[in-house]
Amino acid sequence: MARREMVRTQEVVKTYRMGAETIFALNGVSLTVYAGEYVSIMGPSGSGKSTLFNMIGGLDRPTAGEVYIDEVDVAQLDPFELAWLRCRKIGYIFQTFNIIPVMTALENVTLPMAFAGLGEDEARDKGARLLDTVGLGQRLHHRPAELSGGQQQRVAIARALANDPAIILADEPTGNLDLKTGSEIIELLCRMKEEQGVTVITATHDHKMLAASDRVVWITDGRISRIQSREELDIQIGAIETRKT
Amino acid sequence: MNPRCPEITGPRDGGGAARRGRPILSWRRTLRMSWANVRNRLGRSFLTFLGIAVVSAFFMSSFCYQRMVDAIAVGADVHARAALERAGVFAHDPESAQRQRDRRVWLMALSVAVCATGIANTILMSVTERVREIGALKCLGALDGFIVRLFLIENLFLGALGSAVGALFGYILAILQVGFTLEFGLISAGSCLRCLAAGGPIAVGAGTALTVAAAIYPTYVAAKMKPVDAMRSEV
Ligand SMILES: Nc1ncnc2c1ncn2[C@@H]1O[C@H](COP(=O)(O)OP(=O)(O)OP(=O)(O)O)[C@@H](O)[C@H]1O
Ligand SMILES: [Mg+2]
């Protein structure tokens, strides 16, 4: 069976001008992610992970090169289509959660459903179900300020899943969380992938998070330096464990 | 559906009627969301409300006071003249009376302008501190136009309500002021209604316009930003 391409970047370049100097945040990144895959993007700080995420998510435009989401060239989309893509196709999770502080967990989760045109009663039921899935069934009417960091990130995950996106983009979703909570979040993402077939792309610093991934893409200085598949990872993780014992 | 945004066929696609919906909210839901935003941000909203109410009240009280005193001065008999002189709003020669009046009007206009600038700044800040939220809304699929509309309605609420309450308050204040500095008996119902009809629309109209204008400009700028830039903004 031919695997369906979900995301394809082609020689993506992103430069920032800092005075007279030009910084290459991304310097020719070509990457294909298939439907239903869990891909981790690893790399040191400043290597261009977030920049790549923003390109894939249609939150920023590349200086050169193309980004295709499900065979559609993102650069060709008009504002309406771009909004549609962000609303339906992609769920975003950020390191800083970015949930709306004055809204309750349920209101946050139902917001993108409203943008998608779902009726209010339907949205409320679905929102409650999603929050239950992420383990916040008892916290529907809490404001972000009344939730812990891990719980806020769960709200963000539920919100990202609101319109049954095909892709979840998570930029260091565990960056602000402790180890245990972080592992739970990764587990949750993994479960979404298994149960619902979402394509998950995450960036992380944490090597322990690699175990969940189907593939790991290493980025240094705006270029892909290495791509490891599941099999190579198993060997590597095995080796680490052998060394430890 | 648009040819460049083809229907997705995978197992992950939500179904049915929702798929055809546009990523924009109906007026009714936008209205409700605006109202919820006003309520949820009560502290901030109240500040905007209070600010615009104070400006509006100040304008209205000065405006109506002047109008009523003018009305009394026009057909003043000996008794009214004495009251006006006691209050210091009447001079014997018309030229210096006019000069005095001009100076008061000028001072009032200047004060209103100063207050309005301060309030505009408060409102500007109330939007600027929400630029990150605007970025998040864009990530969730909100159109620029929707964001502008949302903020427009919110500030329309606050501006209209604030300036109306303020105008009413200022109006009562003006009547009391005339009554206590001159005499309640000198106020005619006609002049009372006339100054309300003249000043009310100016106070409410200008107050609402000021609130909306001060809010919409930064909202428009933020809504036009790329989501990355909006979410990076620090306030
Ligand atoms: N808005 C910007 N203006 C100027 N330079 C930028 C901007 N955004 C990113 N950069 C530069 O691009 C490079 C890549 O940044 P990016 O945020 O993608 O790194 P990252 O891999 O996500 O790092 P981290 O792991 O710390 O989040 C950095 O050198 C950064 O300085
Ligand atoms: Mg980053």
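So that the names make sense, note that chain A is the first sequence line, chain B the second, and so on, each numbered from 1.
Interatomic distance, A:L161 CG to A:T133 OG1, rounded to the nearest 0.5 Å: 8.0 Å. Atom CD1 of A:I201 sits about 15.0 Å away from atom NZ of A:K49, to the nearest 0.5 Å. Atom CG of A:L136 sits about 6.5 Å away from atom CZ of A:R154, to the nearest 0.5 Å. The distance from the CD atom of A:E11 to the CG atom of A:L26 is 11.5 Å, given to the nearest 0.5 Å. To the nearest 0.5 Å, the span separating SG on B:C192 from CD1 on B:I187 amounts to 6.0 Å.
Proximity to chain A at a heavy-atom threshold of 4.5 Å picks out B:N40, B:R41 from residues 39-59 of chain B, in numerical order. Within residues 210-228 of chain B, the residues having any heavy atom less than 4.5 Å from a heavy atom of chain A are, in residue-number order, B:K226, B:P227, B:V228.
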Side-chain atoms of residues 98-115 of chain A: list all donor-acceptor pairs with protein atoms under 3.5 Å, sequence neighbours left out, distances to 0.1 Å.
| unit_1 | atom_1 | unit_2 | atom_2 | d |
| --- | --- | --- | --- | --- |
| A:N98 | OD1 | B:R132 | NH2 | 3.2 |
| A:T104 | OG1 | A:E107 | N | 3.2 |
| A:T104 | OG1 | A:E107 | OE1 | 3.4 |
| A:E107 | OE1 | A:T104 | N | 2.9 |
| A:N108 | OD1 | A:I100 | N | 2.9 |
| A:N108 | ND2 | A:I100 | O | 3.1 |
| A:N108 | ND2 | A:M103 | O | 3.3 |
| A:N108 | ND2 | A:T104 | O | 3.3 |
| A:T110 | OG1 | A:L106 | O | 2.9 |
| A:T110 | OG1 | A:E107 | O | 3.2 |

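We find that A:R124 and A:D121 are joined by a salt bridge, their nearest charged nitrogen and carboxylate oxygen being less than 4.0 Å apart. For A:R88 and A:D164, the salt-bridge test fails: no basic side-chain N is under 4.0 Å from an acidic carboxylate O.
Not counting sequence neighbours, the partners of B:R32 by the side chain to side chain donor-acceptor pair (under 3.5 Å) test are A:E120.
With a threshold of 4.5 angstrom between heavy atoms, B:N37 approaches chain A through side-chain atoms but not through N, CA, C or O.
Taking the ring axis of A:Y16 as reference, the NZ or CZ atom of A:K14 stays within 45° of it and closer than 6.0 Å to the ring centre.
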